[in-house]
There are 2 protein chains.
Amino acid sequence: MSDTDELAVWCAGDEWCPVTTTATLIGRKWHPVIVHRLLEKGPLGFNALESEIDGISSKVLSDSLDDLEEAKLVDREIVSEKPFRVAYSLTERGEDLEDVIEAMAEWGRTHLVPADEEGI
Amino acid sequence: MSDTDELAVWCAGDEWCPVTTTATLIGRKWHPVIVHRLLEKGPLGFNALESEIDGISSKVLSDSLDDLEEAKLVDREIVSEKPFRVAYSLTERGEDLEDVIEAMAEWGRTHLVPADEEGI
DNA sequence: GAAATCTGGTTACATATAGTAATCAACAGT
DNA sequence: ACTGTTGATTACTATATGTAACCAGATTTC
């Protein structure tokens, strides 16, 4: 299976819904944020990525990256064996999520506001 | 708080991230699908909505609708007391998620394909 | 060369969300 | 009286996420 192949997903019922299948892949708390940071910053190591994502723990980041790798949205490359270094980056499929992520960011900027800025 | 007020959300750390906060509201398995169906079909009753969403159970739909109501994305209106009927609909804030949902649908159409159609 | 620090994680445990299946009360229709 | 529809809830199981501590290997600092 090449990088540009479509990912087969089964969906129960008569009608196949692209929103449902997309949501099963990225409809989780941290997945969009991870993709967003990799879009912004390019390839990052594990700790660098963790520092970029405020509020995530190394355990949850590790689990989420496993999911995203399995979904072929993120690539994990071993950059160096000694010392051991890795780089997480987006696949083409992952980069194509830019429109989704940007729409989420725009919605957030319009409809949400940090608690600090409330009532200024 | 009126319907058009911004929803205050706290986010740990120095930088506030609109993607993170948006993802905490809709970054779940069924939330985007529910919003999608209400965008497509307009206001629906509980069972009608359940029928529109293939694979969801009444329990999970009920829980998800509670979340979406609390997030001020969905309104629950009691249409009739006798017989008892309700209508779930999107708030203005919820309708504004259209760009996000449409981007998800487009990504899904491009990168995913139902298992049936594989290798035709 | 011993100690501190950085990298890329794992482990054990607790809580939250999602899935399965059955059930329910209040009607309405026949 | 019986069947079906509406709008759910309940009990239970299974994943997902959160918290905190910890770890080995390598490098840097003294």
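Here is the naming used below: chain letters follow the sequence lines, and residue numbers restart at 1 for every chain. The analysis underlying the following values was restricted to heavy atoms, covering all of them including side chains, and did not include hydrogens, waters or symmetry mates.
Of the candidates C/dA18, D/dT17, C/dG8, C/dA18 carries the atom nearest the B/R28 side chain, counting heavy atoms from C-beta on. Closest to the B/Y88 side chain, of the nucleotides D/dT17, D/dT6, D/dA8, is D/dA8. In this structure, the nucleotide among D/dT9, D/dG7, C/dA18 sitting nearest to the side chain of B/R76 is D/dG7. Among D/dT19, D/dG7, C/dT20, the nucleotide with an atom closest to any side-chain atom of B/V60 is C/dT20. In this structure, the nucleotide among D/dT17, C/dA18, C/dT20 sitting nearest to the side chain of B/S57 is C/dT20. Among D/dA16, D/dT27, C/dA18, the nucleotide with an atom closest to any side-chain atom of A/P83 is D/dT27.
With hydrogens and angles ignored, the 3.5 Å screen pairs a side-chain donor or acceptor of A/T22 with a backbone N or O of B/M104. Side-chain N or O atoms of A/T20 include none that pairs as donor or acceptor with a backbone N or O of A/W16 at under 3.5 Å. Without hydrogens or angle criteria, B/H31 side chain to B/L25 main chain gives a donor-acceptor distance under 3.5 Å.
Between the side chain of B/S62 and the base of D/dT9 there is no donor-acceptor pair of N/O atoms closer than 3.5 Å. For A/K59 against D/dT17, a side-chain N or O and a base N or O form a donor-acceptor pair under 3.5 Å. Side chain A/S64 to base D/dT17: no donor-acceptor pair is found below 3.5 Å.
Nearer to the 5' terminus of DNA chain C, by closest-nucleotide assignment, is the contact made by A/R85 (compared with the other of A/R85 and A/G27). Comparing A/K82 and B/E50 along DNA chain D, the residue whose closest nucleotide (by nearest heavy atom) sits nearer the 5' end is B/E50.
Atom CD in A/E81 sits about 12 Å away from atom P in C/dG9, given to the nearest Å. Whole-Å rounding puts the A/E77 CD to C/dG8 C1' distance at 16 Å. Look at CH2 on B/W30: it is 16 Å from P on D/dT15, rounded to the nearest Å. A straight line from NZ of A/K29 to C1' of D/dG18 spans 8 Å, rounded to a whole angstrom. Regarding A/N47, its CG atom lies at a distance of 16 Å from the P atom of D/dA26, rounded to whole Å. Rounded to an integer number of Å, the gap from B/L68 CG to C/dT17 P is 13 Å. What separates CG of A/D54 from C1' of D/dT19 is a distance of 16 Å, to the nearest Å. One interatomic measurement links the two molecules: CZ of B/F46 to P of C/dA26, which rounds to 18 Å at whole-angstrom precision.
Hydrophobic clustering of Ile, Leu, Val, Met, Phe, Trp and Tyr side chains at less than 4.5 Å, counting indirect connections, keeps A/L38 apart from A/V79.
Note on B/R109 versus B/E102: salt bridge recorded, some NZ/NE/NH1/NH2 to OD/OE distance being below 4.0 Å.
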